[in-house]
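Have a look at the structure below, then the notes.
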Amino acid sequence: MSNWIINQGLSAFILVVWMGINIFLFVYYYLFYDLGPQFEYTRELLGSALPWARAPAAVLNFNCMLILLPVCRNLLSLLRGSFIVTILRSHISFIDTMSDFDHMKSFFDAAVHTVAHLLNADWYTNSFQGRYGPLASKLSMLGDSRELNTTYLNPIRSNSTTPTIFVFTTIAGLTGVVITLALILIITSSMEVIRRSYFEVFWYTHHLFIIFFAGLVFHGAGRIVRSQQVTNPPHNNSFCKDQPENWGKIPECPVPQFAGGFPQTWMWVIGPMIIYLCERLLRFIRYMQPVSYRKIVIRPSKVLELQLVKPGFKMEVGQYVFLNCPAISQLEWHPFTMTSAPEEDFFSVHIRSVGDWTEKLIKMVENLPEGGQGPKMAVDGPFGTASEDVFDYEVSMLVGAGIGVTPFASILKSIWYKFKDSDPKLRTKRIYFYWLCRETYAFEWFADLLQVLEKDMEERGMRDFLTYKLYLTGWDQSHVNHAMVHFDKDTDIITGLKQKTHYGRPNWDREFEQVRQENPSSVVGTFLCGPQALAKDLEKKCVRYSDVDPRKTTFYFNKENF
């Protein structure tokens with residue numbers, strides 16, 4: 001069985017387990033409230049809206065427990081080397097997708113729960129007003145008699161209380177409104193078009209999760225849904241429900257007693273909330289640690305290179321950090337993949353001018369006096385990605401799109417250092433590197449590294465170790481004409497490298513077939529940092545060109561994406 005089949009099988013298993021738990025919780029709690037004898041009189045007031053309100057709430061509790069875990073980045077990095085996470089390390093993109101499913105499932109559960117409880121409020125009101133018959137009227141009046149000292153069932157206690165007033169004057173109603181509004185804002189701001197174009201909107205609205213979870217914890221404190229309690233002598237529902245006028249008058253029918261259920265949501269989310277608070281404490285400690293500049297470089301392509309030094313900072317290839325510049329915003333943290341190698345005594349990031357935050361940072365650096373230090377910078381991380389696993393494969397395909405080349409800069413630098421030091425632990429035998437860019441000037445900052453690697457590989461007689469191809473996807477006829485005129489030159493006119501730049505997009509079928517033929521019995525790790533559309537295409541190619549026979553070529557897909 002190929003690695004791809006194992007990979008897909010494990011992904012399917014995770015999805016089935018998650019869906020299975022969701023279905024089990026829904027069915028279990030639906031039947032509990034729809035058939036449970038302690039809710040028989042409650043159903044006389046609310047009908048089927050009772051189980052339809054409570055079952056999604058149970059599923060929502062479970063999914064809200066999961067929502068916080070993916071954002072605990074330090075916890076995930078700490079667990080990354082464990083057995084379970086080692087198994088799942090190639091499923092990062094799948095887990096990201098699962099996280100999106102979890103968000104949408106939570107939104108769906110909240111919508112069903114809200115609609116059902118709005119119906120409940122209306123039916124509570126109608127029951128109190130005597131519109132549903134004598135039994136519902138009698139149940140709604142329980143608790144009004146101080147002499148009998150009964151406990152109420154219907155939370156509506158006055159004819160003047162409308163469903164709207166009930167929603168906005170109870171703990172459950174008010175917190176429900178707050179939770180729903182916060183969830184709507186969080187979900188809508190999570191759309192990719194918002195994240196890419198208005199990151200600040202996404203960032204700030206996502207912090208409404210604090211209000212969301214606070215409301216969630218207190219939502220059940222009102223104990224609106226009430227169940228029948230055991231009395232002595234017992235109240236025989238089947239005998240007594242047809243004669244409510246005799247309740248409390250005959251021994252078989254004492255006045256039924258009711259009580260609200262103990263709030264349970266906090267028990268689901270308290271663990272992840274504590275973990276997240278520890279996560280925030282660790283981030284604050286890191287925020288206070290000093291960060292100094294080794295070097296600041298602004299490339300003509302509007303790419304800012306920052307070389308930073310932080311005491312005790314250790315990284316691995318392909319990892320990323322979150323940067324915060326207090327001079328721009330005290331709250332905003334933005335992710336950037338590191339372009340330096342672990343062997344270097346600093347860590348670097350390359351920042352492209354995209355969005356308000358990056359534009360402000362680049363302008364601040366551009367206005368620095370000669371030899372001046374950059375603005376104060378806080379660093380959280382490093383955090384792991386799928387690219388850490390590149391050295392686990394003897395053959396690797398690295399695909400970067402635009403600024404997505406940054407994790408592979410770290411990888412290639414590290415390989416160069418390992419070769420210089422003759423590291424015996426280096427398992428990698430061959431690398432295929434593809435870089436897709438729209439503009440010619442985007443190649444400039446990375447070409448120097450490729451030139452060094454190109455020269456070093458030639459001197460060591462390992463020209464075949466690194467096969468790289470650069471693709472200019474945004475070109476016109478003038479680019480082609482210029483390239484044709486200078487085609488006979490030893491180096492490329494755009495990059496200065498011996499490998500010529502290709503115009504257009506790669507023919508991935510041809511590339512995968514070439515890799516398969518040149519590595520007939522290898523497991524090939526395919527790594528991408530780029531857009532979702534390209535990820536889907538490459539994942540399909542990995543499936544198509546992988547052989548079921550484990551003794552032949554198998555492609556193993558990995559992806560990271562911010």
Side-chain angles (χ1 to χ4, degrees), residues 11 14-26 29 54-80 84-85 88 91-114 175-192 194-195 199 201-220 263-283 322 331 333 335 380 383-384 561-562:
S11 296
I14 296 170
L15 179 60
V16 168
V17 170
W18 177 73
M19 284 300 298
I21 294 174
N22 276 265
I23 293 171
F24 169 78
L25 289 172
F26 184 90
Y29 281 97
R54 300 308 303 157
V59 179
L60 184 63
N61 286 339
F62 169 69
N63 286 312
C64 286
M65 177 186 71
L66 299 179
I67 282 176
L68 275 180
L69 295 179
V71 299
C72 296
R73 297 185 294 267
N74 289 289
L75 173 66
L76 295 179
S77 293
L78 179 65
L79 295 177
R80 192 170 178 82
I84 295 176
V85 180
L88 297 176
H91 296 74
I92 299 301
S93 60
F94 174 75
I95 291 173
D96 288 341
T97 304
M98 284 291 297
S99 180
D100 293 337
F101 284 161
D102 195 57
H103 279 70
M104 297 309 298
K105 186 67 171 62
S106 298
F107 183 76
F108 175 77
D109 293 331
V112 176
H113 177 75
T114 300
T175 55
V177 170
V178 171
I179 289 171
T180 302
L181 291 176
L183 189 59
I184 290 173
L185 290 172
I186 290 171
I187 295 294
T188 53
S189 66
S190 297
M191 294 187 296
E192 186 170 359
I194 300 295
R195 293 203 311 265
F199 185 85
V201 174
F202 161 76
W203 179 263
Y204 287 115
T205 54
H206 242 60
H207 280 75
L208 289 173
F209 81 91
I210 299 173
I211 297 175
F212 174 81
F213 275 93
L216 202 64
V217 168
F218 290 103
H219 184 56
Q264 297 182 1
T265 300
W266 68 271
M267 292 187 289
W268 287 89
V269 300
I270 188 65
M273 289 177 70
I274 291 174
I275 293 174
Y276 183 76
L277 288 175
C278 294
E279 172 89 9
R280 298 301 299 187
L281 177 61
L282 180 57
R283 290 188 198 178
F322 276 77
L331 300 177
W333 291 80
D380 186 21
F383 303 108
N561 185 35
F562 296 128

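- One distance of note links CG of L183 with SG of C64; it measures 7.5 Å at 0.5 Å rounding.
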Would L331 and H207 count as a side-chain contact (heavy atoms from CB on, under 4.5 Å) if you check the C-alpha gap in whole Å, the side-chain angles of each, and the deciding distance to 0.1 Å?
CA-CA 10 Å; L331 300 177; H207 280 75; over 6 Å; no
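- Counting heavy atoms of neighbouring residues, nucleotides and ligands inside a 6.0 Å radius, atom CE of M267 exceeds 12 of them.
- Nearest heavy atom pair, residue P263 against residue G220, reads CG-O, 3.5 Å.
- Taken from CG in L68 to CD1 in I274, the straight-line distance is 11.5 Å, to the nearest 0.5 Å.
- In this structure, F108 CZ and N22 CG are separated by 11.0 Å, a value rounded to the nearest 0.5 Å.
- You'll find the side chain of T205 stays beyond 4.5 Å of the side chain of I186, heavy atoms only.
- To the nearest 0.5 Å, atoms CD1 (I23) and CH2 (W18) are separated by 9.5 Å.
- Considering only heavy atoms from C-beta on, L216 stays 4.5 Å or farther from W266 through its side chain.
- How far CD1 of I184 is from OG1 of T188: 8.0 Å, rounded to the nearest 0.5 Å.
- Applying the ring pair (Phe, Tyr, Trp, His ring centres under 6.0 Å) test to F218 and every residue at least two apart in sequence or in another chain returns nothing.
- F213 is linked by a ring pair (Phe, Tyr, Trp, His ring centres under 6.0 Å) to nothing, counting only residues two or more places apart in sequence or in another chain.
- Distance CZ/R280 to CG/D380: 8.5 Å, rounded to 0.5 Å.
- Among residues two or more places apart in sequence or in another chain, the side chain to side chain contact (heavy atoms under 4.5 Å, CB included) test is passed with N61 by T265, W268.
- Applying the side-chain hydrogen bond (donor to acceptor under 3.5 Å, both in side chains) test to Y29 and every residue at least two apart in sequence or in another chain returns nothing.
- The salt bridge (charged side-chain N to carboxylate O under 4.0 Å, His left out) check on R54 picks up nothing, with sequence neighbours excluded.
- When every heavy atom of S189 is checked against every heavy atom of F202, the shortest pair comes out as O-CD1, 3.3 Å.
- Residues F24 and F62 place their aromatic rings such that the two centres sit no closer than 6.0 Å.
- Legend: residues meeting side chain to side chain contact (heavy atoms under 4.5 Å, CB included) with V178, ordered by chain and number and at least two apart, are I211.
- Remark: T180 pairs with no residue by the side-chain hydrogen bond (donor to acceptor under 3.5 Å, both in side chains) rule, at least two apart or across chains.
- Applying the ring pair (Phe, Tyr, Trp, His ring centres under 6.0 Å) test to Y204 and every residue at least two apart in sequence or in another chain returns nothing.
- Residues passing the side chain to side chain contact (heavy atoms under 4.5 Å, CB included) test with L181 are V177, sequence neighbours excluded.
- When every heavy atom of M65 is checked against every heavy atom of P272, the shortest pair comes out as O-CG, 3.3 Å.
- Listed by chain and number, the residues in a side-chain hydrogen bond (donor to acceptor under 3.5 Å, both in side chains) with T175 are H219 (sequence neighbours excluded).
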